[in-house]
Amino acid sequence: MSSDAVSRAGLPAHFFAVSLSAGLLALMTWFIWSAPPVARTVWLAGGWTFGVLFYYGALRYPHWYWQTLERWYHQLGSPPHFYRIAGLWLPWLVIIATVLCVVGVVWGLAFAPPHHEQGNSYRIIYLHVPASSAALMAYVAMGVAGLVALVWRLKMAEIAIKAIAPFGAIMAAVSLISGAIWGRPTWGTYWIWDARLTSMLILLFMYLGVIALQNAIRDPRQAGQAASLLSVVGVINVVIVRYSVDWWQSLHQGSSMSMFGTAGSAIHPSMLAPLLLCMFGTYFLFAVTVLVRARTEILWRERKSAWVREEVA
Amino acid sequence: MHFDSLAELWQMGVHGPWVWSAYGICVALIALNVVWAVHRGRRVRRDIRGLIRRQSLQEKQ
Amino acid sequence: MNPVRKQRLLIIVGALAGVALATGLLLYAISENLNLFYTPQQVAEGEAPIGQRMRVGGLVVEGSVRRNQETLENEFDLTDGIGTFTVYYTGILPDLFREGQGIVANGTLASHTRFEATEVLAKHDEQYMPPEVMEALQRAGHPAASEPGPEPEEGVSY
Amino acid sequence: MSGFSATLRREVLLASRSPADMVNPLFFFVVVVSLFPLAVPPTPGLLEAMAPGVVWVAALLAVMLSLDGLFRSDEEAGVLDQLLVAPVELYFTVLAKVLAHWLLTGLPLVLVAPLLGYMLQLPAEVLGSLLLGLLLGTPTLMFIGAIGAALTVGLRRGSMLLALLVLPLYIPVLVFGAGSLGRALEGLPVSPVMAVLGAMLAMAMSLGPFAVALGLRISSGD
């Protein structure tokens, strides 16, 4: 990319490109890290294809790329634009999310074969794994948005945090509850202080802290900034908690309860297919609820502006 | 379908209570999340309409 | 240099020094085998200190389990394919304890071939397979059907 | 730095005028720890097994409660606004304030800990680990908690919120702190765990003030 293109597109687009790639990178890393092996391969291949195409295009047509990025930056950063675009997307996202979730859950509950040892109780996986992964993914997204909000003071990033936190809290709760109910017939206990369980509990606490802080501060910009700082600090904390409890537990109880323990573990395609449907369905559900909440928040923050009055009336 | 009848699907071998209670509680939570978000959106729209009305009343006076 | 710049420089140098110190300390901690987990190979090679509390993990050797129903004394061999040693344990073994399965034991190493366990934990099966597929795998002698893997420390799980 | 030492001197001077603020966390720590032997059945060995958790949770709560007022009096007196516009980097002011706070409330707490350890029937060999662990752990707790204190400084009923924000952040320190004492009790080498506690202190001390300064700026509506 020529420096000419950078200077012409201006600093905002440059910042936007950097933050976008950082966010994508974080999300991709997380996906690959947390995915079941088959999905990991699919995502890796997809990611590489996307990356090669993206960077080939960026080198071949730098001006067009910068202009597009700049346009996106301004559109995403501008509340009325975001409100309208989100409004256009929402119906489609609702349809996709509903279809994926319903098909995935019905398939998983009624049509997938039972587990060779756990029998039918493993069917909770179609609820538990998507919820856990959505809770983690939402926290990573919140941390990235927090960083963007702190560094560039982007109003939309603050709104994003406010929209993500309730979804993340609910998903963490779902993950904990379904995990506990699954644990009783499988491990013989509702709860153990295993690293994975403990870090999910802390994740829930962090979500609740972000929500509480946002509600405690009157001024929306100030609340947004404070929540951004807390969510960035929280990302570091969740990572440390995960490893600290792992090390600590090792002395007392073994982490014997891990489910997909080894890297070479396998999940049969007939069980994986509905699981993937459920996972993608949950990600679309994430998009739906976050967009709905973000639109509400935009309306409230901009309630004095003319476009909101037209929109509402 | 893996199960022969709806009754078997409901019982799921011995695991019916676990599976169905997990799905019941958690689907209710997720649905609540969506309903809550939509409800708040409606309330905010209503509140803003109220604001506009009050303001136009004040302007008339 | 003006005072503001000097202050900023000092902050950056200080912060970097702090991060470097933290990294160094963490590297030291990790090199010290913080979680005191040893594999049969490490035990066989004499890396595990004798007489210290530690945690070991591996596969139970087929046909090596000797149980005494009266005194609840158990002994079995633990292997990772390279090293092997015998575990002694008094108490009730967990339900999922089976020959060929992966287990983790807490206890003390009495000698390089003798481990006195105070706790034995069965590893969960990590395979997600329908029963018929599992049987077919076992008939075909597929390794996935018999080996849950001796090192369940790393990897993805929910 | 002159700003650093000036803040340090000011804090010590202020504390010497109201010694109660300094002594209260210490009393809290001692009282909470001495409640446990009364509440727990006198089974032999039980108290010893619980001691690491009891001492560390009590220290953590004492530190957290003492932090509530860290920036509040400055905020009420209007000193905070002046600090924000002063030509001294806020980083140094924050560093000095937190360090002074630790010297005045955290250090006494650490020094009294061996006595409490003795009350909890800990063997004399592990008292050194207890002391060293708290010496490394309490300043880390101060720096992490100061982030929460900075974010809640202008809020009414901020102390409850502070607990909600800060306690999840305290968990790694608690885990390794209590872990160090637990290891000492089992006769294991404690140096790796102490190294981790030291690493957390170095991180909290070098990066924490950035977050605290940012939190103060956010809270002051800047």
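Chain letters run A, B, ... following the sequence lines, proteins first and then strands; every chain starts at 1.
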Exercise. Crowded around A/Met156 CE? As in, over 12 foreign heavy atoms under 6.0 Å?
Worked result: yes

Exercise. side-chain contact (heavy atoms from CB on, under 4.5 Å) with D/Ile171: which of A/Thr198, A/Asn237, A/Ile202, A/Ile240?
Worked result: A/Ile202

Exercise. So among A/Val233, A/Leu230, A/Val210, A/Leu208, which one has a side-chain contact (heavy atoms from CB on, under 4.5 Å) with D/Leu165?
Worked result: A/Leu230

For the student: nearest non-hydrogen atoms of [X] and [Y], plus distance:
X: D/Leu164; Y: A/Ala212; result: CD2-CB, 3.6 Å
X: A/Gln222; Y: D/Ile218; result: CG-O, 3.1 Å
X: D/Leu161; Y: A/Ala216; result: CD2-CB, 3.5 Å

Exercise. Side chain, backbone, both or neither: which part of D/Leu155 has a non-hydrogen atom closer than 4.5 Å to chain A?
Worked result: side chain

Problem set entry | Toward chain D, the part of A/Ile217 with a non-hydrogen atom under 4.5 Å | both

For this session: Against chain D, label A/Leu213 side chain, backbone, both or neither, depending on which of its atoms sit under 4.5 Å from a heavy atom there.
Result: both

Exercise. What distance separates A/Asp219 CG from D/Ser219 OG, expressed to the nearest 0.5 Å?
Worked result: 11.0 Å

Problem set entry | Side-chain heavy atoms of A/Met206 within contact of D/Leu169, under 4.5 Å | yes

